[in-house]
Amino acid sequence: PKRGDAPEDLTGTVLPGRFRIDRFVARGTFGTVYRARQLAIERDIAIKVLHADIDPGSADGKLFVDEIRAVGKIRHPNVVGIHQADITHDGRLFFAMELLDGQDLQTVGTPERMAKDRAVELVRQLPSGLGAAHDAGLVHADIKPANAILVPPLSSDDATASTTRERAVLVDFGLARLRPAADRPAESAGGTPAYMAPEQMMEGRVDARSDLFSAALVFVHLYVGWRRPNAFTLAPPFELIPDDDLRGVLEIALATDPAKRYASARELSAALTGIATPTAPPPAPVRPFRHLEPLTEDDRGRLHGRQAD
């Protein structure tokens with residue numbers, strides 16, 4: 001088959017495990033993503049292949065291996081699922097993952113600002129997924145709108161299915177580091193300056209609270225359109241947030257000192273869950289037979305077995 005124009009395009013190749021590469025999708029720092037078909041069970045998936053110019057034994061290659069092993073341990077609706085990892089015929093590492101047919105938050109949130117309720121619900125799902133990642137010893141280290149894909153919710157018979165119209169799924173753990181023992185901050189492999197926590201931007205170090213800071217910045221971008229203009233502006237002007245409750249949550253999540261932030265992803269998710277528009281009161285109960293006329297004297301007589309004279 002004719003190869004595409006993208007570098008290292010593997011379109012038409014069948015990889016070990018009977019994964020047929022169907023189409024080039026995107027090229028990232030560490031690997032190239034393709035749409036593929038898992039022939040054994042006739043399932044559409046995504047494949048990420050390590051670039052040929054990256055030595056699997058190098059620091060970047062080992063980081064890629066860490067990504068696969070760490071994300072592969074996670075089973076959560078807000079984290080991309082990893083199905084299998086293997087080696088290509090020419091010696092490059094690849095992994096098969098959940099295919100996400102949707103738009104990322106960067107596309108959805110641009111150019112119009114997002115309504116509060118929708119922004120809260122979507123961003124609330126990010127710490128939900130991050131909590132599972134942190135439990136697996138993984139720090140994402142590159143939370144940004146482009147790394148959250150919106151897809152339909154899981155089927156209603158799934159115990160973890162979302163009750164919302166949309167599911168936000170975290171992708172691209174390529175910059176993440178496994179969290180060291182004793183919860184010491186991990187060295188950061190990079191990230192996106194517009195959404196980095198201060199300690200990541202200034203010291204190159206991250207922990208779970210750094211991910212939460214970035215998630216809060218994603219919310220601010222979606223809700224009011226603010227994006228960090230330079231490296232010296234660490235947090236947004238909080239007066240931009242019109243909702244008092246939301247402002248209070250964001251002031252904690254975006255504290256410059258990590259010790260003053262929410263201690264866990266679950267705490268941030270719970271705080272955002274409490275921010276909701278009050279629901280409308282239920283409709284008044286409908287009384288039975290509301291359209292019937294009142295009983296007449298003759299009706300009462302027949303009801304009690306009396307015959308009219």
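Small disclaimer: the values here were computed from a predicted structure and weren't measured. Quick note: numbers below take in every heavy atom, side chains included, and nothing from hydrogens, waters or symmetry partners.
- Follow the hydrophobic side-chain contacts under 4.5 Å out from V123 and you reach F238 in the same cluster.
- The shortest heavy-atom contact between P127 and L212 is CB-CD2, 4.4 Å.
- No side-chain heavy atom of E267 sits less than 4.5 Å from a side-chain heavy atom of I252.
- Taking a cutoff of 4.0 Å between a charged side-chain nitrogen and a carboxylate oxygen, R118 and E121 do not qualify as a salt bridge.
- A distance-only check finds no donor-acceptor pair linking the side chain of T233 to the backbone of N230 [under 3.5 Å].
- Residue-environment remark: CZ (R37) exceeds the threshold of 12 foreign heavy atoms within 6.0 Å.
- Between the T273 side chain and the S269 main chain, a donor and an acceptor come within less than 3.5 Å of each other.
- Checked for salt-bridge contact, D44 and R20 miss the test: no charged N lies under 4.0 Å from a carboxylate O.
- The existence of a salt bridge linking R35 and D101 is confirmed by a sub-4.0 Å separation between a basic side-chain nitrogen and an acidic carboxylate oxygen.
- Between V169 and V80, the shortest heavy-atom distance links the atoms CG1-N, 3.3 Å.
- Remark: the S214 side chain and the D211 side chain contain no N/O donor-acceptor pair separated by less than 3.5 Å.
- Contact detail for Y223 and P242: the closest heavy-atom pair is OH-CG, 3.3 Å.
- Taking both residues in full, the closest heavy atoms of I74 and A132 are given as CG2-CB, 4.0 Å, listed atom of the first, atom of the second, then distance.
- Taken from CG in L10 to CG in D90, the straight-line distance is 7.0 Å, to the nearest 0.5 Å.
- Smallest separation of non-hydrogen atoms from M97 and I82: CB-CD1, 3.7 Å.
- Remark: Y195 engages no residue in a ring pair (Phe, Tyr, Trp, His ring centres under 6.0 Å) (not counting sequence neighbours).
- With rounding to the nearest 0.5 Å, the separation of CD in Q106 from NZ in K144 is 9.0 Å.
- The shortest side-chain heavy-atom distance between P258 and F213 does not fall under the 4.5 Å cut-off.
- With values rounded to the nearest 0.5 angstrom, L105 atom CG is found 9.0 Å from Q125 atom CD.
- Residue R266 holds its CZ atom at 11.0 Å from CG of L130, rounded to the nearest 0.5 Å.
- The distance from atom CZ of R23 to atom CG of D9, rounded to the nearest 0.5 Å, is 11.0 Å.
- Exactly one residue among I143, I149, N78, N147 makes a side chain to side chain contact (heavy atoms under 4.5 Å, CB included) with L170. That residue is I143.
- Using a 4.5 Å heavy-atom threshold, the side chains of K48 and Y34 count as separate.
- To the nearest 0.5 angstrom, R167 atom CZ is 10.5 Å from L150 atom CG.
- With respect to the salt-bridge test (charged N to carboxylate O, under 4.0 angstrom), the residues E199 and R261 qualify.
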Next on the checklist: With side-chain contact (heavy atoms from CB on, under 4.5 Å) as the criterion, how do H76 and S128 come out once you've worked through the C-alpha distance, each side chain's angles and the decisive distance to 0.1 Å?
Outcome noted: CA-CA 9 Å; H76 193 279; S128 180; 3.3 Å; yes

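- Judged by distance alone, the side chain of D172 and the main-chain N or O of D142 form no donor-acceptor pair under 3.5 Å.
- Here the closest heavy-atom approach between residue H51 and residue R92 is recorded as C-CD, 3.8 Å.
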